[in-house]
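Inspection log for the structure reproduced underneath, given as structure tokens.
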Amino acid sequence: MRIALAQIITGRELERNLDLVRDYARQAKTGGADLVVFPEATMRAFGNSLLDVAEPLDGPWASQVRAVAAEEGIIIVAGMFTPGGSGAGTRKVRNTLLATGPGVDASYDKIHLYDAFGFAESDTVDAGTQPATFDAGGVTFGLATCYDIRFPDLFTENAERGAQVNIVCASWAAGPGKVDQWKLLSRARAVDSTTFVLACGQGDPASLGLEGTGSAPTGVGHSVVVSPFGEVLQELDGAPGLLFADLDPAVVEDARTKLPVLANRHKF
């Protein structure tokens with residue numbers, strides 16, 4: 001199965017961000033991909049208001065993404081924001097991944113919220129509670145979002161639910177050592193779960209001469225595809241770009257035969 005990672009840099013304008021989805025989905029299909037992954041916050045970049053754009057999974061933004069997927073005949077995974085709960089005068093959103101395309105209609109709400117490095121995602125976002133997987137082309141995919149990558153249990157749980165591939169959509173925060181951590185964690189989660197890891201992040205705004213927005217995590221790039229043995233198969237730098245990789249489920253079976261960490265795992 002051929003996949004693509006679309007490392008884009010989104011902004012405040014929803015329509016402009018949809019144009020990026022249309023453009024990169026078309027390029028991915030032309031390149032032979034069956035599935036294209038976009039980053040977290042594809043709908044609107046962090047550092048902007050989220051409450052005013054949050055919408056249900058059948059709302060206008062998500063419906064337009066579905067239309068692109070149907071028109072191109074490709075599965076799209078992209079980050080958006082859906083309505084969260086409200087109470088004590090506070091309204092929140094959910095940080096949601098939409099997976100849509102031929103035979104696929106799934107979603108995942110980010111479980112581990114980024115309350116770290118001076119940013120408090122939980123101030124504006126409600127946490128999800130359940131893992132999510134979907135099937136496409138005879139392959140099972142697990143979903144994860146950004147900070148989730150620091151928590152191995154989600155990846156092994158997805159694998160135990162049948163995932164051969166874990167998708168991570170991110171808008172990784174910049175800072176000393178953060179790119180190295182992103183690459184280390186992507187490789188570690190692949191080995192933990194003996195799955196391919198498709199880690200797609202927002203590109204680095206600095207690569208286009210743009211400044212970040214305060215402490216908001218606006219991306220560092222370095223989207224990467226990792227094998228179940230932890231081998232980096234493809235990687236981008238900080239700039240926007242499109243990455244292709246061919247996934248063979250037989251590699252997962254081989255890894256789980258040679259390295260049966262899921263079978264040998266103990267839960268404490």
Side-chain angles (χ1 to χ4, degrees), residues 1-7 28-29 31-38 69 73-78 97-108 111-112 130-146 148-170 182-201 222-236 242-268:
M1 185 177 192
R2 172 158 269 218
I3 61 87
L5 305 187
Q7 181 170 288
K29 185 63 177 181
D34 304 295
L35 177 148
V36 58
V37 181
F38 289 87
I74 193 170
I75 298 162
I76 293 175
V77 179
L97 297 183
L98 170 68
T100 183
V104 173
D105 186 12
S107 65
Y108 165 73
I111 292 173
H112 301 98
Q130 293 295 322
T133 62
F134 67 89
D135 297 328
V139 179
T140 301
F141 295 83
L143 294 170
T145 304
C146 205
D148 281 334
I149 203 171
R150 294 186 181 272
F151 301 88
D153 282 354
L154 177 59
F155 290 74
T156 52
E157 177 63 26
N158 285 344
E160 290 188 349
R161 295 182 180 210
Q164 298 139 301
V165 181
N166 271 302
I167 293 171
V168 188
C169 301
W182 165 252
K183 294 193 284 187
L184 170 66
L185 290 163
S186 298
R187 296 180 67 191
R189 295 300 81 85
V191 175
D192 290 339
S193 58
T194 47
T195 62
F196 286 100
V197 166
L198 314 181
C200 182
H222 291 275
S223 297
V224 64
V225 176
V226 185
S227 83
F229 291 105
E231 176 188 7
V232 174
L233 302 178
Q234 299 287 345
E235 182 183 351
L236 294 173
L242 189 64
L243 174 160
F244 290 91
D246 295 303
L247 308 184
D248 182 357
V251 175
V252 177
E253 295 306 312
D254 183 43
R256 291 178 180 176
T257 298
K258 294 176 178 175
L259 187 66
V261 291
L262 295 175
N264 296 341
R265 179 171 168 243
H266 288 265
K267 296 182 180 179
F268 300 98

Check the pair Cys169 / Val77 against side chain to side chain contact (heavy atoms under 4.5 Å, CB included), numbers first and verdict last. CA-CA 8 Å; Cys169 301; Val77 179; 3.9 Å; yes

Here the pair of heavy atoms bringing Leu262 nearest to Ala159 is CD1-CB, 3.7 Å

Can you spot which of Asn166, Leu233, Val168, Val165 makes a side chain to side chain contact (heavy atoms under 4.5 Å, CB included) with Leu198? Val165

Looking only at heavy atoms, the pair that brings Leu242 and Ala28 closest together is CD2-N, 3.8 Å

Mind running side chain to side chain contact (heavy atoms under 4.5 Å, CB included) on Leu247 and Val252 for me, showing each step along the way? CA-CA 9 Å; Leu247 308 184; Val252 177; over 6 Å; no

Would you compute the distance between atom CG of Leu35 and atom CD1 of Ile76 and round it to the nearest 0.5 angstrom? 9.0 Å

Here the gap from Phe151 atom CZ to Leu185 atom CG, rounded to the nearest 0.5 Å, amounts to 10.0 Å

Give, for atom OG1 of Thr145 and atom CD1 of Ile111, the distance between the pair rounded to the nearest 0.5 Å. 9.0 Å

When rounded to the nearest 0.5 angstrom, what distance separates CD1 in Ile75 from CZ in Phe141? 6.5 Å

Rounded to the nearest 0.5 angstrom, the OG-CZ distance for Ser193 and Arg256 is 7.0 Å

Can you tell me if Gln164 uses its side chain to pair, donor with acceptor, with the backbone of Thr140 under 3.5 Å? yes

Heavy-atom closest pair, residues Ala69 and Gly101: CB-CA, 3.9 Å

Pairing residues for Glu160 by the side chain to side chain donor-acceptor pair (under 3.5 Å) criterion, not counting sequence neighbours: Arg265, Lys267

Would you please test Thr194 and Glu253 for side chain to side chain contact (heavy atoms under 4.5 Å, CB included) and show each step? CA-CA 9 Å; Thr194 47; Glu253 295 306 312; over 6 Å; no

Taking only Lys NZ, Arg NE, NH1 and NH2, and the carboxylate oxygens of Asp or Glu, determine whether Arg2 and Asp246 approach each other closer than 4.0 Å. yes

Strictly distance-based, threshold 3.5 Å: is any side-chain N or O of Lys29 a donor or acceptor partner for the main-chain N or O of Gly73? yes

Restricting to side chain to side chain donor-acceptor pair (under 3.5 Å), what partner residues turn up for Gln7, sequence neighbours left out? Ser223

How many angstroms lie between atom CD of Glu235 and atom CG of Leu243, to the nearest 0.5 angstrom? 9.0 Å

Would you say Tyr108 and Asp148 are linked by a side-chain donor-acceptor pair, where the criterion is simply a distance under 3.5 Å? yes

Side chain to side chain contact (heavy atoms under 4.5 Å, CB included) between Ile149 and Phe155, intermediate numbers included: CA-CA 8 Å; Ile149 203 171; Phe155 290 74; 4.1 Å; yes

Can you name the nearest heavy-atom pair linking Ser107 to Ala132, along with the distance? O-CB, 3.4 Å

